[in-house]
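This is the structure I want to talk about, given as structure tokens.
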Amino acid sequence: MHAFADSGVPLQALDVEPHISPEEVELRARAMMQRLGTEEVLILADVFGATPCNVAQRLADTQRVCVIAGVNVPMLWRSLCYAAEPLESLVTRALAGASQGVLQLPTPHNPVS
């Protein structure tokens, strides 16, 4: 929200603390999704196979939910910029932002060809 404070996008973040059970994470996530009050939800998870991603996959049973694992900042920003688009389009833009936002920059000791 620092970069897009006035975006008006219903954005929520769920901190998955190590001492909280996956069941409790799921309960909190479902409550959060209900508070959003939207039909479509895009969940960005940090790592495939970790608790946030595993819980997100279970959340896909009750709403129109898409889950993307391996979130990075360009993906997040792209998602915020195009949040009003249909879910399928938003997923495409988020994935493009993720890959297009990762660059090796040339340095004097390591020129990129």
Hey, could you give me the CG/CD distance between Asn54 and Glu26, rounded to the nearest 0.5 Å?
10.5 Å

Would Gln104 and Asn110 count as a side chain to side chain contact (heavy atoms under 4.5 Å, CB included) if you check the C-alpha gap in whole Å, the side-chain angles of each, and the deciding distance to 0.1 Å?
CA-CA 10 Å; Gln104 180 181 5; Asn110 186 19; 2.7 Å; yes

Are the side chain of Gln12 and the backbone N or O of Met32 linked by a donor-acceptor pair below 3.5 Å?
no

Side-chain donor-acceptor pair under 3.5 Å between Gln100 and Arg78, yes or no?
yes

Could you measure the distance from the CD1 atom of Ile68 to the CZ atom of Phe48? Nearest 0.5 Å is fine.
14.0 Å

Decide yes or no for Thr92 and Glu85: does some side-chain heavy atom of the first lie under 4.5 Å from some side-chain heavy atom of the second?
no

To the nearest 0.5 angstrom, please state how far the OG atom of Ser79 sits from the CG atom of Leu42.
5.0 Å

If you take all heavy atoms of Asp46 and Pro52, which pair is closest and at what distance?
OD1-CG, 3.9 Å

Locate the shortest heavy-atom distance separating Ala56 from Ile43; write the atom from each residue and the value.
CB-CG2, 3.7 Å

Can you tell me how far apart CG (Leu44) and SG (Cys53) are? Round to the nearest 0.5 Å.
11.0 Å

CG on Asp15 to CD1 on Ile20, rounded to 0.5 Å:
7.5 Å

Atom of Ala98, atom of Asn72 and distance for their closest heavy-atom approach:
O-ND2, 3.2 Å

Once you round to the nearest 0.5 Å, how far does CG of Leu80 lie from CG of Leu11?
5.5 Å

Hey, mind stepping through Met33 and Val65 against side chain to side chain contact (heavy atoms under 4.5 Å, CB included) and telling me if it holds?
CA-CA 10 Å; Met33 287 172 48; Val65 177; 3.6 Å; yes

